[in-house]
Amino acid sequence: MKCPFCGSPDTQVVDSRVSDEGDVVRRRRRCAVCDKRFTTFETAEVRLPQVVKNTGQRVEFDRDKIRTSFQRALHKRPVPTQLVDEAISRIIQKVLTVGDREIMSRQVGEMVMNELAKLDKVAYIRFASVYRSFSDVDDFRDVIREVTRKE
């Protein structure tokens, strides 16, 4: 690690500590040249797969798009933000466990629908109506029957 003060590449680790969650290592370092101390943080870099859209276009996986989908579906619904964050984390974990370099957008959409079904039935129906491109009232009726059957 290069010293941020003098730019010397000769630094030593004085102390290392793991965060409470266990996902970050905090290191105190000392520069061998200017003798100043500084702190670095080390985290694992996880590469999310690319999303393949129905058109064949490939885009980077975007957590913010998933959050926006949840926010739109849950608009004015009594669901705590913590539960939404946990649902998004579960989706990202599932995407990572697939282990592929690419994932179909349809798979991601189904994961979002599954999580919304657990959180709020109205939000699930809202999302499904857009995601599945409902064309008439019968489509809504079918999804409502599906939701009430699962209860």
Side-chain angles (χ1 to χ4, degrees), residues 1-5 11 13-30 36-151:
M1 172 65 66
K2 196 189 293 188
C3 174
F5 303 106
T11 61
V13 175
V14 178
D15 182 41
S16 291
R17 295 186 185 179
V18 179
S19 70
D20 292 337
E21 296 83 28
D23 56 353
V24 177
V25 177
R26 178 183 179 269
R27 299 193 194 281
R28 285 293 294 159
R29 295 178 177 269
R30 185 183 62 80
K36 292 193 178 183
R37 293 176 181 246
F38 59 98
T39 302
T40 60
F41 295 92
E42 181 179 313
T43 59
E45 185 175 324
V46 180
R47 189 82 203 213
L48 289 164
Q50 285 200 320
V51 177
V52 181
K53 300 204 167 239
N54 293 336
T55 61
Q57 178 186 10
R58 284 160 175 74
V59 295
E60 293 297 318
F61 187 93
D62 189 353
R63 297 169 200 249
D64 292 334
K65 283 185 181 180
I66 292 177
R67 181 169 301 286
T68 300
S69 296
F70 271 89
Q71 288 171 338
R72 286 183 180 156
L74 290 164
H75 183 71
K76 293 189 177 182
R77 299 298 302 158
V79 177
T81 305
Q82 180 182 353
L83 294 179
V84 173
D85 292 341
E86 290 169 3
I88 292 170
S89 293
R90 283 191 297 273
I91 290 170
I92 291 170
Q93 200 57 41
K94 287 176 190 171
V95 167
L96 288 172
T97 57
V98 168
D100 294 335
R101 296 174 82 186
E102 296 180 338
I103 187 167
M104 299 300 293
S105 62
R106 173 106 11 235
Q107 285 178 277
V108 177
E110 293 296 328
M111 290 178 195
V112 171
M113 283 184 49
N114 290 337
E115 291 296 331
L116 281 170
K118 294 175 198 172
L119 291 176
D120 188 89
K121 304 301 182 210
V122 172
Y124 170 78
I125 293 169
R126 283 180 183 168
F127 185 82
S129 71
V130 174
Y131 184 70
R132 293 183 180 163
S133 302
F134 287 5
S135 58
D136 59 23
V137 177
D138 291 332
D139 293 336
F140 279 97
R141 218 177 274 130
D142 293 341
V143 171
I144 290 170
R145 279 191 201 112
E146 177 187 324
V147 167
T148 54
R149 249 186 286 136
K150 288 181 180 179
E151 287 181 352

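Not measured: the values here are computed from a predicted model.
A distance of 12.0 Å separates OG of Ser69 from CE of Met113, quoted to the nearest 0.5 Å. Interatomic distance, Thr81 OG1 to Phe70 CZ, rounded to the nearest 0.5 Å: 12.5 Å. Between Arg90 atom CZ and Thr97 atom OG1 the span is 13.0 Å, to the nearest 0.5 Å. Atom CG of Asp100 sits about 12.5 Å away from atom CD of Gln50, to the nearest 0.5 Å. One finds the CD1 atom of Ile92 at 6.5 Å from the CG atom of Leu48 (value rounded to the nearest 0.5 Å).
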Applying side chain to side chain contact (heavy atoms under 4.5 Å, CB included), run through Gln57 and Val51 and close with a yes or a no. CA-CA 8 Å; Gln57 178 186 10; Val51 177; over 6 Å; no
Between Leu74 and Leu116, does a side chain to side chain contact (heavy atoms under 4.5 Å, CB included) hold up when you go through it step by step? CA-CA 9 Å; Leu74 290 164; Leu116 281 170; 4.1 Å; yes
Begin from the C-alpha positions of Glu115 and Ile88 and carry the test side chain to side chain contact (heavy atoms under 4.5 Å, CB included) through to its verdict. CA-CA 8 Å; Glu115 291 296 331; Ile88 292 170; over 6 Å; no
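Residues that satisfy the side chain to side chain donor-acceptor pair (under 3.5 Å) test with Arg28, not counting sequence neighbours, are Thr39. Under the rule for a salt bridge (Lys or Arg N to Asp or Glu O under 4.0 Å), the partners of Arg27 that lie at least two apart in sequence or sit in another chain are Glu42. A search for side chain to side chain contact (heavy atoms under 4.5 Å, CB included) contacts involving Asp62 returns Asp64, Lys65, not counting sequence neighbours. The side chain to side chain donor-acceptor pair (under 3.5 Å) search around Arg47 returns none, not counting sequence neighbours. Residues forming a side chain to side chain contact (heavy atoms under 4.5 Å, CB included) with Asp23 (at least two apart in sequence, or on another chain): Ser19, Glu21. Under the rule for a salt bridge (Lys or Arg N to Asp or Glu O under 4.0 Å), Glu86 has no partner lying at least two apart in sequence or in another chain. Every side chain to side chain donor-acceptor pair (under 3.5 Å) that Arg77 has, sequence neighbours left out, goes to Asp120. Evaluation of the ring-ring contact (aromatic ring centres under 6.0 Å, His included) rule for Phe127 yields Tyr131 as partners, not counting sequence neighbours. Annotation: side chain to side chain donor-acceptor pair (under 3.5 Å) contacts of Lys2 (sequence neighbours excluded): none. When the salt bridge (Lys or Arg N to Asp or Glu O under 4.0 Å) test is applied to Arg30, the partners found at least two apart in sequence or on another chain are Asp35. By the salt bridge (Lys or Arg N to Asp or Glu O under 4.0 Å) test, Arg63 pairs with no residue at all, sequence neighbours left out.
When side chains are defined from C-beta on, Val84 counts as touching Arg67, because their heavy atoms get closer than 4.5 Å. The side-chain heavy atoms of Ile103 and Met111, taken from C-beta on, include a pair separated by under 4.5 Å.
Residues in residues 101-113 take part in these salt bridge (charged side-chain N to carboxylate O under 4.0 Å, His left out) pairs, two or more places apart or across chains: Arg58-Glu102.
Residue-environment remark: CZ (Arg72) stays at or below the threshold of 12 foreign heavy atoms within 6.0 Å.
Shortest non-hydrogen contact noted between Ser105 and Lys53 is OG-CA, 3.7 Å. Here the closest heavy-atom approach between residue Phe5 and residue Arg37 is recorded as CE1-O, 3.6 Å. For Met1 against Thr11, the heavy-atom pair with the smallest separation is O-OG1, 2.7 Å.
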